[in-house]
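Data first, discussion second: the structure below is written as structure tokens.
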Amino acid sequence: MWIALLGTPFLLAALWFLLKKINEKYFILSLTYRVRTQDGSPLESKVVVMPGKTRFGNNLDILNFTPASVFNFVRESTAKAKGENYLWYFLFAPMYNVVRAEEAEEIFQSTKLITKNVVYELIRPFLGDGLLISTDQKWHSRRKALTPAFHFNVLQSFLAIFKEECNKLIKVLDKSVDGELDLNQVIPQFTLNNICETALGVKLDDMSEGNEYRKAIHAIEEVLIQRVCNPLMYYNWYFFLYGDYRKHSQMLRIVHDFSSKIIQKKRELFKQKQRGEVDEFGKKQRYAMLDTLLAAEAEGQIDHQGICDEVNTFMFEGYDTTSTCLIFTLLLLALHEDVQQRCYEELENLPEDSDEISVFQFNELVYLECVIKESLRMYPSVPFIGRQCVEECVVNGMVMPKDAQISIHIYDVMRDPRHFPKPNEFKPERFLPENTVNRHPFAFVPFSAGQRNCIGQKFAILEMKVLLAAVIRNFKLLPSTQIEDLTFENGIVLRTQENIKVKLVKRSKE
Ligand code: HEM
């Protein structure tokens, strides 16, 4: 017994020593391997290891998060790291946060780091294995099949749709002249109508289910935001027990049924067309992205579920992203009268009848494009993107364990004062060709970059130019909401707690 008693401290010391040794490579209290440098130098020489509030890494730093506190937490972390990239340790995996263009470049350019991280799993019930989330061979073949749907000639055919929707919107805006206009009330409707008609080939306003669909998309996004902010909600069992699981399922059913029904109907028309028959209305149908998918289906490249996933992906990616950018751009124009005036003068060169303005002429609106870019730089619709290491891999000279998460904070990359002096000032001139010559090629990345960049970026720029040109030609925008009034939130898309408002004054035709 004496021997056993005397041996206990020795055993405890040995255990302590062993655990300490293990903890050097394996972060025991976070149940994950540590990141190490490839050349054996101290980790701190490559990245700031962000101290957690407790010994459990950063796990307990993020409890009770709200969408606004997530936004602030990320910004504060970037500030604490003094503009360097930084590392968090969460349960089961470290997260490497990239805020510098120089290191983001390697990730964007990597042909291996194309798998999305855990945040995207939350959207999977909505988007399935669509282009945004899928990976490897499936992603490669789908991206190849879908690229023609964004060809220049296709964009040209969408221009008429953008203009029609724009004319409808201008009539709505006419009713707000000399009063306040709530941009969050009108702009999302414009972009959702556009994406619905270009992707599916149907007018949402003509469909009895249109309103229900719109509301369901909103509700799904709200649930998503709730889940993004609470790490416990990432676990399906927790979401099932404590989250809005039932509401989510109900809304998903509405959205999925809607697209599935249209796909079935379009498939019939597609087959009729292949047989050389005229459609049921005896008129020529406009091209929709869905036609490219149906052609791929006819060649056995994709099945019904695959088509549904891609259509839902387009609807999701093409709707909120463009409306967010439009809302911020209109706000910035209202707040910067000189910029608005310069845009107006540029637009004076266009034909008076908007029906006559071609894609080429929209492309030539260089200053308006600078305004959109500067707006995207300051308020990127997608504030971060994520990747994960599917196996142990070397990133920026660091060995990341399997399942390590990577977040590229586009928001912070594009506010780096080394690439954008006075980053918090709105200066569209930064994007004039002569001012971009020496800029780092990955400093401005609102549409991501590399293989997994945004397939819809040209579509988005054209759609936004059509609307901005029409608004600026018809109205003078005056400020109502100020930037300081806004509380920013990190969802999947950047948003604000408050609706954004401007005032409109009708321009008289001189
Ligand atoms: C201002 C508007 C837009 C912005 C800022 C934007 C931004 C982005 C970003 C940052 C990504 C990369 C996401 C990631 O890696 O997680 C992306 C991907 C994607 N975007 Fe966009 N987007 C916009 C408009 C659109 C539109 C209009 C469409 C479709 C019509 C679209 C379709 C897609 C698709 C399908 C992907 C996935 C591409 C892939 O992984 O191959 N986006 N977008």
Side-chain angles (χ1 to χ4, degrees), residues 98 104 107-108 110 113-124 127-136 138-147 149-151 154-155 158 161-162 187-188 190-200 288-290 292-293 309-329 369 372-373 375-388 405-411 413-414 442 444-468 492-495:
V98 183
I107 300 163
F108 284 133
S110 164
L113 283 172
I114 61 165
T115 301
K116 300 297 174 79
N117 75 10
V118 64
V119 178
Y120 297 71
E121 285 308 307
L122 305 179
I123 338 176
R124 195 179 287 281
L127 306 185
D129 239 351
L131 205 54
L132 181 70
I133 305 179
S134 60
T135 190
D136 297 333
K138 190 173 218 172
W139 171 76
H140 274 287
S141 63
R142 292 276 176 86
R143 177 90 189 199
K144 205 169 147 205
L146 283 166
T147 298
F150 293 90
H151 189 269
V154 174
L155 272 188
F158 290 160
I161 297 173
F162 298 157
I187 301 297
F190 166 77
T191 57
L192 186 59
N193 285 0
N194 275 335
I195 193 67
C196 198
E197 192 166 353
T198 50
L200 288 167
M289 293 173 199
L290 179 52
T292 299
L293 290 162
D309 291 349
E310 295 307 346
V311 163
N312 292 326
T313 299
F314 283 154
M315 300 294 285
F316 176 73
E317 276 292 303
Y319 157 49
D320 229 6
T321 47
T322 38
S323 67
T324 302
C325 176
L326 278 170
I327 290 172
F328 279 114
T329 309
E369 192 155 324
I372 297 173
K373 285 181 171 168
S375 165
L376 278 170
R377 181 190 72 77
M378 293 186 77
Y379 304 106
S381 311
V382 182
F384 69 93
I385 60 164
R387 299 279 194 275
Q388 78 177 318
Q405 307 286 304
I406 300 173
S407 264
I408 302 181
H409 297 286
I410 291 181
Y411 183 101
V413 171
M414 297 196 297
F442 291 82
F444 178 68
V445 281
F447 295 104
S448 183
Q451 293 195 76
R452 297 219 67 162
N453 69 353
C454 175
I455 198 171
Q457 52 187 293
K458 290 212 169 85
F459 174 110
I461 295 280
L462 180 64
E463 177 187 9
M464 295 193 291
K465 277 187 170 173
V466 172
L467 179 115
L468 292 169
I492 302 281
V493 168
L494 182 70
R495 53 184 76 240

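Hydrogens, waters and symmetry mates are skipped; everything else that's a heavy atom, side chains included, is used. Each ligand, and each atom within it, is numbered from 1 in the order the structure gives.
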Practice problem: Name the closest protein heavy atom to atom 16 (O) of ligand 1, giving the residue it belongs to and the distance to 0.1 Å. | Solution: Y120 OH, 2.4 Å
Quiz item: Counting each atom of ligand 1 from 1 as listed, which ones have a heavy atom of I195 under 4.0 Å away?
Solution: 30 (C)
Practice problem: Could you pull out all residues at least two apart from R142 that satisfy salt bridge (charged side-chain N to carboxylate O under 4.0 Å, His left out)? | Solution: E310
Quiz prompt | Beyond-backbone contact of I492 with V119, side-chain heavy atoms, under 4.5 angstrom | solution = yes
Exercise. For atom 38 (C) of ligand 1, find the nearest protein heavy atom and state the residue, atom name and distance (0.1 Å precision).
Key: R143 NH1, 3.4 Å
Exercise. Considering only non-hydrogen protein atoms, determine which one is nearest to atom 15 (O) of ligand 1 and report residue, atom name and distance to 0.1 Å.
Key: K116 NZ, 3.1 Å
Quiz prompt | Interfacing atoms of ligand 1 (cut-off 4.0 Å, heavy-atom, T322) | solution = 2 (C)
Quiz item: Among all protein non-hydrogen atoms, which one is nearest to atom 10 (C) of ligand 1, and what is the separation to 0.1 Å?
Solution: P446 O, 3.4 Å
Practice problem: Anything protein N, O or S sitting under 2.8 Å from atom 21 (Fe) of ligand 1: count it and give me the total. | Solution: 1
Self-check item: R387: numbered ligand 1 atoms lying under 4.0 Å from its heavy atoms
Solution: 15 (O)
Practice problem: Answer yes or no: is there a side-chain heavy-atom contact under 4.5 Å between E463 and I195? | Solution: no
Quiz prompt | Any donor-acceptor N/O pair, S407 side chain to G386 backbone, under 3.5 Å | solution = no
Quiz item: Can you check whether V118's main-chain N or O pairs, donor with acceptor, with Q405's side chain at less than 3.5 Å?
Solution: yes
Quiz item: Under 4.0 Å from any heavy atom of F459, which atoms of ligand 1 are there?
Solution: 27 (C)
Practice problem: Run the numbers for me: atoms of ligand 1, each under 4.0 Å from some heavy atom of N453, listed by number. | Solution: 38 (C)
Quiz item: Would you say the side chain of D320 lies within less than 4.5 Å of the side chain of R495, judging by non-hydrogen atoms?
Solution: yes
Quiz item: Looking at ligand 1, does I461 have a heavy atom less than 4.0 Å from it?
Solution: no
Quiz item: Does any non-hydrogen side-chain atom of I408 lie less than 4.5 Å from one of F384?
Solution: no
Self-check item: Whether Y319 lies under 4.0 Å from ligand 1, heavy atom
Solution: no
Self-check item: For W139, the ligand 1 atoms whose distance to one of its heavy atoms is below 4.0 Å
Solution: 39 (C), 40 (O), 41 (O)
Quiz item: Hey, does L293 have a side-chain heavy atom less than 4.5 Å from the side chain of L146?
Solution: yes
Quiz item: Between F162 and F459, what is the ring plane arrangement, given parallel below 30°, perpendicular above 60°, and tilted in between?
Solution: perpendicular
Practice problem: For residues V466 and F190, determine if any side-chain heavy atom of one lies less than 4.5 Å from a side-chain heavy atom of the other. | Solution: no
Practice problem: For the residue pair M289 and F150, establish whether any side-chain heavy-atom pair is separated by less than 4.5 Å. | Solution: yes
Quiz item: Just which atoms of ligand 1 are under 4.0 Å from any heavy atom in L131?
Solution: 35 (C), 39 (C), 40 (O), 41 (O)
Practice problem: For ligand 1, find out whether one of its N or O atoms is nearer than 3.5 Å to an N or O atom of R452. | Solution: yes
Quiz item: Is the shortest heavy-atom distance from the side chain of R124 to the side chain of D129 under 4.5 Å?
Solution: yes
Practice problem: Under 4.0 Å, heavy atoms only, figure out whether ligand 1 is touched by the backbone of M315, its side chain, both or neither. | Solution: neither
Exercise. Please lay out, stage by stage, how F447 and I461 fare under the test side chain to side chain contact (heavy atoms under 4.5 Å, CB included).
Key: CA-CA 11 Å; F447 295 104; I461 295 280; 4.2 Å; yes
